[in-house]
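Take a look at the structure below.
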Amino acid sequence: MVTSSGTVKKRSPIAQTAGDRIFGFFNGVFIVLITVLTLYPLIYVLSASISSPSAVVSGRMWLWPVDLTWEGYDRIMQNQEIWLGYRNTILYVVIQIAVSLLTTLPAAYALTIKPLPGRKVLVFLFSVTMFFSGGMIPLYVINRNLGLVNTLWAVVLPSATSMWYIILTRTFYQSTIPLELEEASQIDGCSPFGTFLRVVMPLSGAIIAVMALYFGVGRWNSYFGEMIFFRDRNLYSLQLFLREILIIAQFSEENTSNADAITMAEQIRISSIIKYATMIVATIPLIAAYPFIQRYFVKGVLIGSIKG
Amino acid sequence: MTSLNTTVTRPGRKKSLFARFSHAVYKYWPYYMMLLPAIAYFVIFCYGPMYGVQIAFKDFKIKRGFGGSPWADPLFKYFYQFFESYYAWNIVRNTLVLSIYGLVAGFPVPAILALSMDEMRRQRTKKVVQTITYAPNFISTVVICGMILSFTNQTTGIINNMIVALGGEPVAFMYKEGLFPHIYVWTGIWQSMGWSSVIYFAALSGIDPQLLEASTLDGASRWQKILHVKIPAILPIIVIQLILSAGSLLNVGYEKVYLLQNSLNLNTSEVISTYVYKRGMVDAQYSFSTAVGLAQSLVSFVMVFLVNAIAGRLSETSLW
């Protein structure tokens, strides 16, 4: 591969024209612009979370931290609800991944079996759900009739799988696991379950990682279902507590004009420092794991694009 | 089970549907077991709600269930009720504005970004830039909205601090209804452009290098190679993405819209989905809000078909 523009000139038989160089220049400017635009808000939040609130609020802090303080993180440490939300969310994510993998992986494998009677009908019936849905209210009524409201199953089960992910997984099996291997294991006396568990699964590490990440990140970041179905505060996930701190508190803060000035200023100061620190605390697990999991996400997109 | 099986395997006899069915179950039951959780999921959580959609035409009583509730009189009562209301036009317009604006402004960005990054010569820098631009996609909607509210805060937000420092007047961004679509759309582009470009990267890396070399020898400039080799190569992907986004045109990201709403921007920020949620879940008007939601999904479905047909005519690329 080409490592620097210097070697390009030597290796390429045709020298770059002036036009190409101008193009390269503007392209570089564009990329730098996009990178800065993407990074700036992220760096700002990080800096604001460890800067003195008065510097943040007044605009003295605009890029790097000013008057370092850990007050925001200290306050979060003492906040029981954030940790409750954290614990709940981790629990929901783990259960969601388990349920989703159990639903998606075997089903996708069964749908690769060509002679399976009824396969085409099932694929058709499953695919219909990609384009039609009953909507929010009928789903609520069903959850309510099943007695799932105010339990974690009300959010976990309705997102157990989806035809998109089943198709993705099936495409992976079809494109990476040779049919001969499965046939050989069947001839050697392996049952379908045995073939699936001992031959297909050990070769499916990549797709298991991709699916676990898609379902896990989806659950981690979701708030709407949780907002609809959870009444009990003990069930609240991290995102629901975040919503109270980041959204509801902020709108109400801007609308209280009659509070006396000193407490008002103090309130703004505290809420400012807590806000930025919570954003960091809530996002850190994903951002920290992100460089490692990124390639699996990209892989998921690439498998998906094989079939268009 | 065994006796059934012997009748089925006897040659020369026409098999009844039942016999064929039981034979399939006998021979393939492990695979049906593997499908069972998925079938249960689709029946209960996809087809169940679809069956429940009938309450859009009924006076739904939660005690009497989907089937037992009486039909509405007239049948389309709740549809009339919505479309004759003075706010219906407003909500439909907001939904269309947010989604069409989002599509027109946001759709070309990932493709342009992919083409631009593909032109980068240094592989290391390219990897770093990719990693950076993907990152915002993994931040939750709640945190993104929290960032938007903090940054645009009239007295303490960084944007207004900058405006004041440059001698301007602070702007109450979230409380101006005219600004809502812009804030919604451009923050969405900020969050998703990197991640959405992955699929175009894949298509660009699939271009035959010989094609590019040949065009270089023919004297094509980098710009001409983009125009005549690279864009045609990613065109099918562009078309498919376009069809898919047309289908979800009415499904604006209501989770984000809901968080950014307040009483002063509601005029431009109330969309069909948030309205369905408020009338259905908060006010418990089940039939009415189901009717509104159903109208939305019907329009979406028709749009996928239309756009798919048009795309099939124009470019020979279509979903099915």
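Computation of the quantities below employed the complete heavy-atom set of this structure, encompassing side-chain atoms and omitting hydrogens, waters and symmetry-equivalent molecules. In what follows, chains are A, B, ... by sequence order, proteins preceding strands, each numbered from 1. Values in this document were obtained by computation on a predicted structure and should not be read as measured data.
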Self-check item: Residue, of B:M50, B:M34, B:M33, that accumulates the most heavy atom pairs under 4.5 Å with chain A
Solution: B:M34
Self-check item: B:S221 versus A:D20, closest heavy-atom pair with distance
Solution: CB-OD1, 3.4 Å
Quiz item: Quick one: what part of A:T161 sits under 4.5 Å from any heavy atom of chain B, side chain, backbone, both or neither?
Solution: both
Self-check item: Considering all heavy atoms, the nearest A:A110-B:L35 contact
Solution: CB-CG, 3.6 Å
Practice problem: Heavy atoms only, distances under 4.5 angstrom: which of A:N27, A:I166, A:L105 has the most pairs with chain B? Name it, please. | Solution: A:N27
Quiz item: With side chains defined as the heavy atoms from C-beta onward, is the minimum distance between B:Y28 and A:P115 less than 4.5 Å?
Solution: yes
Quiz prompt | Segment of B:F66 engaging chain A (4.5 angstrom heavy-atom cut-off) | solution = side chain
Self-check item: Atom group of B:F138 that falls short of 4.5 Å from chain A, counting heavy atoms
Solution: both
Practice problem: Run the numbers on A:I31 and B:S116 for side chain to side chain contact (heavy atoms under 4.5 Å, CB included), then give the verdict. | Solution: CA-CA 7 Å; A:I31 295 283; B:S116 172; 3.3 Å; yes
Quiz item: Given the options B:I62, B:V129, B:I55, which has more heavy-atom pairs under 4.5 Å with chain A than any of the others?
Solution: B:I62
Exercise. Side-chain contact test, heavy atoms from C-beta onward, threshold under 4.5 Å: evaluate it for B:F45 versus A:T129 and give yes or no.
Key: no
Self-check item: Audit row: B:M147, A:Y276, side chain to side chain contact (heavy atoms under 4.5 Å, CB included) steps and yes/no
Solution: CA-CA 8 Å; B:M147 284 167 67; A:Y276 292 110; over 6 Å; no
Quiz item: Side chain, backbone, both or neither: which part of A:L240 has an atom under 4.5 Å from a heavy atom of chain B?
Solution: neither
Practice problem: Verify side chain to side chain contact (heavy atoms under 4.5 Å, CB included) between B:M193 and A:T38, making sure each step is shown before the conclusion. | Solution: CA-CA 10 Å; B:M193 62 178 173; A:T38 309; 3.7 Å; yes
Self-check item: Region of B:Q261 in contact with chain A, defined by heavy-atom distances below 4.5 Å
Solution: backbone
Quiz item: In terms of heavy-atom proximity below 4.5 Å to chain A, should B:I148 be classed as side chain, backbone, both, or neither?
Solution: neither
Quiz item: Is the shortest heavy-atom distance from the side chain of B:T133 to the side chain of A:I34 under 4.5 Å?
Solution: yes
Quiz item: What part of A:R60 is in contact with chain B, defined as an atom under 4.5 angstrom from a non-hydrogen atom: side chain, backbone, both or neither?
Solution: neither
Exercise. Kindly assign one of parallel, tilted or perpendicular to the pair A:F224 and B:Y258, based on the angle between their ring planes and the thresholds 30° and 60°.
Key: perpendicular
Quiz item: With only heavy atoms counted, which part of A:L157 is less than 4.5 Å from chain B, the side chain, the backbone, both or neither?
Solution: both
Self-check item: Contacting region of B:F60 [heavy-atom separation from chain A under 4.5 Å]
Solution: side chain
Quiz item: Does any heavy atom of chain B fall under 4.5 Å from the side chain of A:I284, the backbone, both, or neither of them?
Solution: neither
Quiz item: Pick from B:W190, B:Y286, B:Y254: which one has the most heavy-atom pairs with chain A under 4.5 Å?
Solution: B:W190
Practice problem: Give the intermediate values and the outcome of side chain to side chain contact (heavy atoms under 4.5 Å, CB included) for residues B:I226 and A:F23. | Solution: CA-CA 11 Å; B:I226 288 183; A:F23 172 83; 3.4 Å; yes
Self-check item: Portion of A:L125 that has a non-hydrogen atom of chain B nearer than 4.5 angstrom
Solution: both
Exercise. Under 4.5 Å heavy-atom distance to chain A, tell me which part of B:I39 shows up: side chain, backbone, both or neither.
Key: both
Quiz item: Would you call the rings of B:F42 and A:F126 parallel, tilted or perpendicular, where under 30° means parallel and over 60° means perpendicular?
Solution: parallel
Practice problem: Go through B:I132, B:V198, B:I158 and name the one with the most non-hydrogen pairs under 4.5 angstrom from chain A. | Solution: B:I158
Quiz item: Heavy-atom distance under 4.5 Å to chain B: side chain of A:F193, backbone, both or neither?
Solution: both
Practice problem: Count the heavy atoms of every other residue, nucleotide or ligand shown that sit under 6.0 Å from CZ of B:F21, and state whether that count exceeds 12. | Solution: no
Quiz item: Do B:I112 and A:F30 have side-chain heavy atoms sitting under 4.5 Å apart?
Solution: yes
Practice problem: For chain B, find which of A:P158, A:G118, A:G135 contributes the most heavy-atom pairs closer than 4.5 angstrom. | Solution: A:P158
Practice problem: Using a cut-off of under 4.5 Å on heavy-atom pairs, state which of A:T103, A:I113, A:I137, A:V128 scores highest against chain B. | Solution: A:I137
Quiz prompt | Segment of B:T131 engaging chain A (4.5 angstrom heavy-atom cut-off) | solution = both
Quiz prompt | Which atom of A:I247 lies closest to which atom of B:C145, heavy atoms considered | solution = CD1-CB, 3.6 Å
Quiz prompt | Within-4.5 Å side-chain heavy-atom neighbours: A:F132 and B:V53 | solution = no
Quiz item: Distance from A:L139 atom CG to B:I44 atom CD1, nearest 0.5 Å?
Solution: 11.5 Å
Quiz item: How long is the span from the CD atom in B:E255 to the OH atom in A:Y223, to the nearest 0.5 Å?
Solution: 5.5 Å
Self-check item: Test item: B:S150 and A:M279 side chains (from C-beta on) under 4.5 Å apart, heavy atoms
Solution: yes
Practice problem: Heavy atoms only, distances under 4.5 angstrom: which of B:A135, B:P136, B:A165, B:G293 has the most pairs with chain A? Name it, please. | Solution: B:A135
Quiz item: What is the distance from atom CE of A:M227 to atom CG of B:L259, rounded to the nearest 0.5 Å?
Solution: 7.5 Å
Quiz item: Relative to chain A, which segment of B:S273 carries a heavy atom at a distance below 4.5 Å: side chain, backbone, both, or neither?
Solution: backbone
Quiz item: Checking heavy atoms, do the side chain of A:A282, its backbone, both or neither come under 4.5 Å from chain B?
Solution: side chain
Quiz item: So does B:M162 have more than 12 non-hydrogen atoms from other groups sitting under 6.0 Å from CE?
Solution: yes
Practice problem: Check each atom of A:L286 against the heavy atoms of chain B and say whether the ones under 4.5 Å are side chain, backbone, both or neither. | Solution: side chain
Quiz item: Pick from B:Y134, B:Y51, B:F201: which one has the most heavy-atom pairs with chain A under 4.5 Å?
Solution: B:Y134
Quiz item: Rounded to the nearest 0.5 Å, what separation is found between the CD1 atom of B:I144 and the CG atom of A:L246?
Solution: 11.5 Å
Self-check item: Contact class of A:V56 relative to chain B, heavy atoms under 4.5 angstrom
Solution: backbone
Quiz item: Tell me, side chain or backbone of A:F229 under 4.5 Å from chain B's heavy atoms, or both, or neither?
Solution: neither
Quiz item: Among A:P41, A:S133, A:G24, who wins on heavy-atom pairs under 4.5 Å with chain B?
Solution: A:P41
Exercise. Work out which heavy atom in B:S140 is nearest to a heavy atom in A:N221; give both atom names and the distance.
Key: CB-OD1, 3.1 Å
Exercise. Find out whether B:T290 and A:P138 are in side-chain contact, i.e. whether some heavy atom of one side chain is under 4.5 Å from a heavy atom of the other.
Key: yes
Quiz prompt | Residue selection (most heavy-atom pairs with chain B, distance under 4.5 Å) from A:T278, A:V141, A:N143 | solution = A:V141
Quiz item: How are the rings of B:F151 and A:Y44 set to each other: parallel, tilted or perpendicular (split at 30° and 60°)?
Solution: perpendicular
Exercise. Using non-hydrogen atoms and a 4.5 Å limit, figure out which bit of A:L146 sits close to chain B: side chain, backbone, both or neither.
Key: side chain
